Amino acid sequence: MPRGDGRLSHDLDPQRPGPQDACGVFGVWAPGEEVAKLTYFGLYALQHRGQEAAGIAVSDGSGVVVYKDLGLVAQVFDEPTLASLRGHLAIGHTRYSTTGGSTWENAQPTIRANTAGTTIALAHNGNLVNTAELARDAVERGMDSDGSTSDTALVTTLLASRPDLSVEAAALEVLPTLRGAFSFVFMDETTLYAARDAYGVRPLVLGRLERGWVVASETAALDIVGASVVREIEPGELIAIDEHGLRSARFAAPEPKGCLFEYVYIARPDTTIAGRNIHSARVTIGRQLAREHPVAADLVIPVPESGTPAAIGYAEESGITYGAGLMKNPYVGRTFIQPSQTLRQLGIRLKLNPLRENVRGKRVVVVDDSIVRGNTQRAIVRMLREAGALEVHVRISSPPVNWPCFYGIDFATRAELLANGLDNEGIRRSIGADSLGYVSLAGLIAATEQPKTRLCRACFDGEYPIELPAGNLIGKHVLEGVDRRVAGAGGEEVGPGGATSRGPGGQSFASSSTGGDVSSHA
């Protein structure tokens, strides 16, 4: 059936999207609870982190079942589906593709059964940078592809390739071989696992329920299911939760480098990272922006909703009135009807419209979180001028984005990044603003209340904390050339351990059984 494009708040111009969010992961171990529904609402809270696909895996102790599909969480799951997913532990995922294209085969959780009769399901937030090297290792071990081309499926395969070990022991062997950013939640029939790379690039938190435990990408997802925050999963830590309780092991020495862009753009405002509330951090960034780039103006407006906290801070610090100047269609991105050529030429007007009475005759400061290609800001400046604004001053609550991210955010290529080829004045002229100001990197870091040494700033300063491979052995489609034996539309794919996948448009079932090679039939 036709589905909406799945793009929520950020992509005002679908032809030229901004930075695409990292994925969201959620896991719960809670006997006696409706774990599939808890996972659904946890994913609902994490929908902003990925809108291409969603999936949930559950276990009742005897077998693992996965249901996944392309689309938003509310599109993929309904009440009957969730009611059929019974068990005492579950994991879930909401995806934006960073390695592997946006296909049903690459939706998560990925699933694999080993020859010992254990089934492993895994969900991943982040991006590995040694995927090609790991793929070679998998081939040398004689492991077949299951039709997917994601680094997540590759990790699941590597975990399943050690049937002589427990899943926990296999993880302690595999995790140290992974290079890049990863926050994993995974499971077998009886146990929930969570692991975070040694740099802790992507967030992952542990919560407590009255009758169980929860792990999630953000504290906001714990709030929505009524879990109390216990702590962050530490960089380089593997935790396991089962009937015997929670246990922790280290697979790498921690070298914290949390993603600075989480504070600017990715995380929900009601999330807390490293003890810092994101909304408060963004208001502080706006205050710093006003100190660094003051201007005489009549009105401060945000680009909704991404620029709102920083605009509040800018207005508070500058003393300029804060108000609404741009209205966004709350159902942005939900239609699958393509606009006509006439409407397409209107660009972001389909999704954003100026409040003419508010901006007419005013000197306006418009606050946004980032400039990537500049298309959105260019269109907004033009709209505000056409609506009667006397002056339009653009303020950005992050430094210029000069470098791509290889750790879980899909920016434009470096050649497409506006700041890569132009200085500040060139960017101002490009977007047509009367003035342009970015917050300084030092000002942004100060707002996080984290030391510079504990933050990944690569997209701003080009200093990549995790070594990148030479040549072209990196990128979203690094595994796309691998031969894939995929059933035709509506067919089935029979994987190791008899795991059966139905789709697109459907579900993936797996249960423990004897191992076998990947095969397919129409």
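Scope of the values below: all heavy atoms of this structure, side chains included, with no hydrogens, waters or symmetry mates. Keep in mind that what you see is a predicted model, and the values were worked out from it rather than measured.
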For residues [X] and [Y], determine if any side-chain heavy atom of one lies less than 4.5 Å from a side-chain heavy atom of the other.
X      : Y      : result
Ile233 : Val205 : no
Met327 : Pro304 : no
Val230 : Trp213 : yes
Arg196 : Arg202 : no
Val367 : Ile301 : no
Pro109 : Leu122 : no
Tyr314 : Tyr322 : no
Thr152 : Leu154 : no

Regarding [X] and [Y], does a basic nitrogen lie under 4.0 Å from an acidic carboxylate oxygen?
X      : Y      : answer
Glu463 : Arg457 : yes
Glu168 : Arg247 : yes
Glu391 : Arg385 : no
Asp223 : Arg268 : no
Glu133 : Arg136 : no

Can you tell me how far the [atom1] atom of [X] sits from the [atom2] atom of [Y], to the nearest 0.5 Å?
X      : Y      : atom1 : atom2 : result
Ile273 : Ser217 : CD1   : OG    : 10.0 Å
Tyr199 : Leu455 : OH    : CG    : 15.0 Å
Asn125 : Thr94  : CG    : OG1   : 10.5 Å
Ile427 : Leu418 : CD1   : CG    : 5.0 Å
Leu289 : Thr284 : CG    : OG1   : 12.0 Å
Leu206 : Glu234 : CG    : CD    : 10.5 Å

Does a side chain donor of either [X] or [Y] reach within less than 3.5 Å of an acceptor in the other side chain?
X      : Y      : result
Gln51  : Gln47  : no
Asp368 : Ser397 : no
Ser430 : Arg378 : yes

- Would Val366 and Ile380 count as a side-chain contact (heavy atoms from CB on, under 4.5 Å) if you check the C-alpha gap in whole Å, the side-chain angles of each, and the deciding distance to 0.1 Å? CA-CA 9 Å; Val366 57; Ile380 287 171; 4.3 Å; yes
- Message: Could you work out, with side chain to side chain donor-acceptor pair (under 3.5 Å) as the rule, every residue matching Arg208, not counting sequence neighbours?
- Response: none
- Item | Non-neighbouring partners of Thr156 that pass side chain to side chain donor-acceptor pair (under 3.5 Å), sequence neighbours left out | Thr110
Measure across [X] and [Y] and return the closest heavy-atom pair with its distance rounded to 0.1 Å.
X      : Y      : value
Leu204 : Ala194 : CD2-CB, 4.1 Å
Lys328 : Glu305 : NZ-OE1, 2.8 Å
Pro176 : Ala171 : CD-O, 4.0 Å
Pro399 : Tyr438 : C-CD2, 3.7 Å
Val185 : Phe26  : CG2-O, 3.7 Å
Ala216 : Ala221 : CB-CB, 3.8 Å

N/O donor-acceptor pair under 3.5 Å between [X] side chain and [Y] backbone:
X      : Y      : result
Arg428 : Ala433 : yes
Glu386 : Met383 : no
Thr321 : Leu299 : no
Arg276 : Ala447 : yes
Asp197 : Ser183 : no
Asp434 : His393 : no
Ser440 : Gly443 : yes

- Residue pair Val439, Glu292: steps toward the side-chain contact (heavy atoms from CB on, under 4.5 Å) verdict: CA-CA 7 Å; Val439 76; Glu292 293 180 358; 3.8 Å; yes
Who passes ring-ring contact (aromatic ring centres under 6.0 Å, His included) against [X], sequence neighbours left out?
X      : result
Phe184 : His124, Phe182
Tyr464 : Phe406
Tyr407 : none

- Task: Begin with the C-alpha distance, continue with both residues' side-chain angles, and end with the deciding distance and a verdict on side-chain hydrogen bond (donor to acceptor under 3.5 Å, both in side chains) for His48 and Glu218.
- Result: CA-CA 11 Å; His48 61 289; Glu218 297 187 25; 2.8 Å; yes
- Query: Can you tell me if CD on Glu467 sees more than 12 non-hydrogen neighbours from other groups inside 6.0 Å?
  - Reply: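 No.
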- Item | Derivation of the side-chain contact (heavy atoms from CB on, under 4.5 Å) call for Val365 and Asp298 | CA-CA 8 Å; Val365 178; Asp298 307 303; over 6 Å; no
- May I have all residue pairs that pass salt bridge (charged side-chain N to carboxylate O under 4.0 Å, His left out) and include part of residues 312-323, sequence neighbours excluded?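 Found Arg287-Glu316, Arg287-Glu317, Arg291-Glu317.
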- Evaluate the side-chain contact (heavy atoms from CB on, under 4.5 Å) criterion for residues Ile91 and Val25: first the C-alpha distance (whole Å), next the side-chain angles of each, then the deciding distance (0.1 Å), finally the verdict. CA-CA 7 Å; Ile91 65 171; Val25 297; over 6 Å; no
